[in-house]
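Accompanying notes for the structure given below.
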Amino acid sequence: MQRGFYVGRFQPYHGGHHGVIERIAETVDELVVGIGSADKSHTQRNPFTAGERHVMLTRALADVDLTPYIVPLQDINRNALWVSHVCSLCPPFDVAFSNNALVIQLLEEAGIEVRRGPVFDRSKYRGTEIRQRMIEGEPWQDLVPDAVIEMIRDVNGVERLQQVSKGDVFER
Ligand code: NAP
């Protein structure tokens with residue numbers, strides 16, 4: 001029995017993340033999925049709340065062959081303490097999966113094994129591109145799981161993103 005760890009902002013959770021987790025599911029039985037920047041929402045870069053992202057992940061992962069433990073992780077302003085912060089909130093895990101240089105550095109310094117990748121069709125799936133399509137009223141629905149479309153519709157997420165993108169002077 002192996003338990004992995006994978007963190008992302010999931011703004012929104014999209015087909016690339018889903019493809020990555022399906023690949024990870026081939027190598028571990030359980031996965032701690034950290035919702036990064038859980039304290040952020042209602043900005044152009046981070047439009048959705050941790051709760052909304054939790055629903056996206058819970059529903060989308062229902063058809064993946066692993067047991068997910070979804071844990072919101074707020075950012076802290078001291079990178080040197082971030083792994084302790086993560087470990088204080090998450091179930092124990094054996095191995096982490098990341099391509100983020102800072103995340104890899106911090107986890108490996110703490111003695112945690114990190115496996116790079118996999119990357120899933122990165123040219124097609126990008127959170128920034130999906131958010132931009134929403135802002136500009138272009139099609140984005142084929143880039144995310146159906147459960148994510150439903151969640152975004154339920155909270156009027158496209159309208160929210162269009163609204164905050166007009167006057168979001170605090171964070172982009
Ligand atoms: P991120 O900031 O969410 O994403 C960074 C970039 O990597 C994005 O362009 C993202 O694309 C892309 N990406 C995500 N998963 C990928 C994959 N499997 N293959 C290729 N590219 C991928 O960073 P993250 O690594 O996904 O999440 C790290 C989280 O940890 C963030 O919330 C960060 O704030 C947090 N963190 C906090 C601290 C601290 O508080 N001091 C320290 C370290 C990390 P998409 O936009 O398409 O997702």
Side-chain angles (χ1 to χ4, degrees), residues 4-28 31-54 56-57 60-61 64 66 68-90 93 95-135 138 140-145 147-149 151-152 157 161 164-165 168 170-172:
F5 172 73
Y6 176 60
V7 63
R9 289 183 8 262
F10 307 124
Q11 289 285 10
Y13 184 74
H14 58 59
H17 303 128
H18 200 65
V20 167
I21 290 181
E22 285 179 326
R23 295 274 295 281
I24 290 172
E26 295 168 7
T27 65
V28 297
L31 186 66
V32 182
V33 184
I35 299 178
S37 307
D39 49 316
K40 311 274 190 326
S41 72
H42 293 79
T43 69
Q44 186 166 331
R45 183 170 149 76
N46 290 293
F48 305 111
T49 67
E52 290 160 356
R53 288 176 275 160
H54 200 298
M56 292 176 197
L57 279 155
L61 293 179
V64 180
L66 54 59
Y69 300 101
I70 301 167
V71 182
L73 298 168
Q74 69 180 64
D75 288 337
I76 59 170
N77 64 3
R78 292 177 72 181
N79 284 336
L81 297 182
W82 184 70
V83 175
S84 300
H85 169 66
V86 168
C87 292
S88 76
L89 294 166
C90 292
F93 50 87
V95 59
F97 299 85
S98 182
N99 290 319
N100 179 313
L102 174 62
V103 169
I104 292 169
Q105 182 71 25
L106 296 175
L107 289 168
E108 287 189 338
E109 279 185 18
I112 294 167
E113 179 194 348
V114 183
R115 294 186 197 152
R116 274 68 167 170
V119 178
F120 187 84
D121 207 345
R122 188 69 185 143
S123 59
K124 181 174 177 189
Y125 297 107
R126 286 178 185 272
T128 306
E129 166 72 16
I130 293 168
R131 295 193 298 277
Q132 197 58 38
R133 286 181 180 220
M134 290 177 178
I135 290 168
E138 292 173 4
W140 52 272
Q141 290 85 343
D142 60 330
L143 299 173
V144 304
V148 173
I149 300 174
M151 184 67 225
I152 291 174
L161 179 51
V164 297
S165 70
D168 177 10
F170 301 108
E171 184 198 350
R172 286 200 187 272

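In each ligand, atom 1 is the first atom listed, and ligand 1 is the first ligand listed.
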Is a side-chain N or O of [X] found less than 3.5 angstrom from the main chain of [Y], in a donor-acceptor match?
X	Y	answer
Arg131	Gln11	yes
Glu129	Arg126	no
His85	Asp75	no
Arg53	Gly36	yes

Distance under 4.0 Å to a non-hydrogen atom of [X]: what atoms of ligand 1 satisfy this?
X	answer
Gly127	45 (P), 46 (O), 47 (O)
Arg126	47 (O)
Gly36	32 (O)
His14	45 (P), 47 (O), 48 (O)

Just verifying a value: how many Å separate [X] [atom1] and [Y] [atom2], rounded to the nearest 0.5 Å?
X	Y	atom1	atom2	result
Thr128	Gln44	OG1	CD	9.5 Å
Thr43	Phe48	OG1	CZ	10.5 Å
Ile35	Tyr13	CD1	OH	11.0 Å
Leu106	Asn79	CG	CG	5.5 Å
Ser37	Leu73	OG	CG	9.5 Å

Closest protein heavy atom (residue, atom, distance) for [atom]:
atom	value
atom 29 (C) of ligand 1	Val7 CG2, 3.9 Å
atom 41 (N) of ligand 1	Asn79 OD1, 2.7 Å
atom 38 (C) of ligand 1	Trp82 CD1, 3.3 Å
atom 6 (C) of ligand 1	Arg122 NH2, 4.5 Å
atom 33 (C) of ligand 1	Asp75 OD1, 3.8 Å
atom 18 (N) of ligand 1	Tyr6 OH, 3.4 Å
atom 40 (O) of ligand 1	Ile76 N, 2.8 Å
atom 26 (O) of ligand 1	Gly8 CA, 3.2 Å

> So is Phe97 in contact with ligand 1, going by heavy-atom distances below 4.0 Å?
Replying inline: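 No, Phe97 has no heavy atom closer than 4.0 Å to ligand 1.
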So for ligand 1, is [X] a polar contact partner (N or O within less than 3.5 Å, distance only)?
X	value
Ser37	yes
Gln74	no
Val20	no
Asn99	yes
His17	yes
Asn100	yes
Arg9	yes
Asn77	no

>> Assess the residue pair Tyr6 and Ile21 against the criterion (side-chain contact (heavy atoms from CB on, under 4.5 Å)); give the C-alpha distance rounded to whole Å, side-chain angles, the decisive distance to 0.1 Å, and a yes or no.
In response: CA-CA 8 Å; Tyr6 176 60; Ile21 290 181; 3.8 Å; yes
> Once the angle between the rings of Phe10 and His17 is folded into 0 to 90°, is it parallel (under 30°), tilted (30 to 60°) or perpendicular (over 60°)?
Replying inline: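 It falls in the perpendicular class, over 60°.
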> What are the two closest heavy atoms between Ala60 and His18, and how far apart are they?
Replying inline: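 Minimum heavy-atom separation between Ala60 and His18: O-CE1, 3.0 Å.
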> Charged N to carboxylate O below 4.0 Å: is that the case for Arg115 and Glu26?
Replying inline: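 Salt bridge between Arg115 and Glu26, a charged N being under 4.0 Å from a carboxylate O: no.
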